[in-house]
Amino acid sequence: MSSDTLAQAPTAPEIPGPPAVPRIVPQRRYGQWTAAVVVLVLLGLALDSVVRNRAFQWDVVAEYFTTGSVLRGLWLTLWLTAVVMVLGFALGTLLAAFRLSANPVLRAVGWGYVWLFRSIPILVQLLLWFNIGALYPTVLGVKTVDLLSPVAVAVVGLTLHEAAYAAEVVRGGILSVDRGQIEAAQALGLSRWHRWRRIVLPQAMRSIVPPAGNMLIGTLKGTSIVSVIAVNDLLFSAQLIYHRTYQVIPLLMVATLWYAVVTTVLGIGQAYVEKYYARGTGGAR
């Protein structure tokens, strides 16, 4: 066959290959990296100034961090926090039931309580309870000053204050439950107690736990205010020491570090409780 015949012979069509995959280039975020470097440098400088500043007297902090008086003050702070939270949420749940009641009188009482105790600063409430003897010298034949010690005043004042906020937390959690689920449980013939325990409470807890955890941490730190009425909590214990030694900053750092340690532990516990109640909702991480 001649070369001209070969040149005229039809050739097979070329099969196109797969299209080229475009190369993905990540966006360069120079501004974010620059800001991150600046923040890290500033944090490093701040940490260095704290560690190397002799005015903090870290050796004194270490000396007093686990002394008996500080630990006793810490124990009273933890005890006061636990008692106030338990009593506050017990009273707050009752107030939330009042606010959700069909009875207008109970609704008014619940609303009035929340309004009153959220309107008065906690320091003012504590001072009023501490000086309640000026208004009521005796109660049931007992002198008020003998009936209400500083610790009792702290428990009463903080509990009544926390109950107002706990009532709103509980009420918000109950209102977050879909009304249709409660009606479905009623249609199935579940009793009120079973509806509350199996339907309402597990779902309401998902909305109650986060703000309740914040309240717990806030109450722990808020107990420091009872030092103004001479309750020997963590802060007051530190104050008693530095009034004697004049080492104000180191003793304040002792109290600060203990508050940081306890709030960190409570924060971790709150995360686990939130994860527990978020099961099956896609919110557990």
- Answer with yes or no after comparing the ring centroid distance for F117 and Y113 against a 6.0 Å cut-off, counting only values under it.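 Centroid separation for F117 and Y113: below 6.0 Å.
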
- Item | Residue pairs involving residues 32-72 (criterion ring pair (Phe, Tyr, Trp, His ring centres under 6.0 Å); sequence neighbours excluded) |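 Matches after skipping sequence neighbours: F56-W58, F65-W258.
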
Should [X] and [Y] count as side-chain neighbours, where that means a heavy-atom distance under 4.5 Å?
X    : Y    : answer
T219 : E162 : yes
L78  : L220 : yes
T264 : I268 : yes
I225 : L126 : yes

- I241 vs V70, side-chain contact (heavy atoms from CB on, under 4.5 Å): CA-CA, chis, key distance, verdict: CA-CA 9 Å; I241 297 174; V70 170; 3.9 Å; yes

- Task: Could you identify which residues cluster with L240, counting Ile, Leu, Val, Met, Phe, Trp and Tyr as linked when any side-chain heavy atoms lie under 4.5 Å apart, either directly or through a chain of such contacts?
- Result: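 Reading the cluster by chain and number, L240 sits alongside F236.
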
- Connected hydrophobic set around V114, excluding itself, where side chains approach under 4.5 Å: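 So far as hydrophobic clustering goes, V114 is joined with none.
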
- What do the steps show when you test D233 against T223 for side-chain hydrogen bond (donor to acceptor under 3.5 Å, both in side chains), and what is the final call? CA-CA 8 Å; D233 70 321; T223 56; 4.9 Å; no

- Could you grab the distance from atom OG1 of T77 to atom CZ of R72, nearest 0.5 Å is fine?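 The CZ atom of R72 is 13.0 Å from OG1 of T77, to the nearest 0.5 Å.
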
- Message: Minimum heavy-atom separation for Q270 and P210, please, with both atom names.
- Response: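 Scanning both residues, the minimum pair turns out to be NE2-O, 3.3 Å.
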
- Query: Taking all atoms of both residues into account, what is the closest heavy-atom pair of L235 and S227, and its distance?
  - Reply: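 Where L235 meets S227 most closely, the heavy atoms are CD2-OG, 3.8 Å.
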
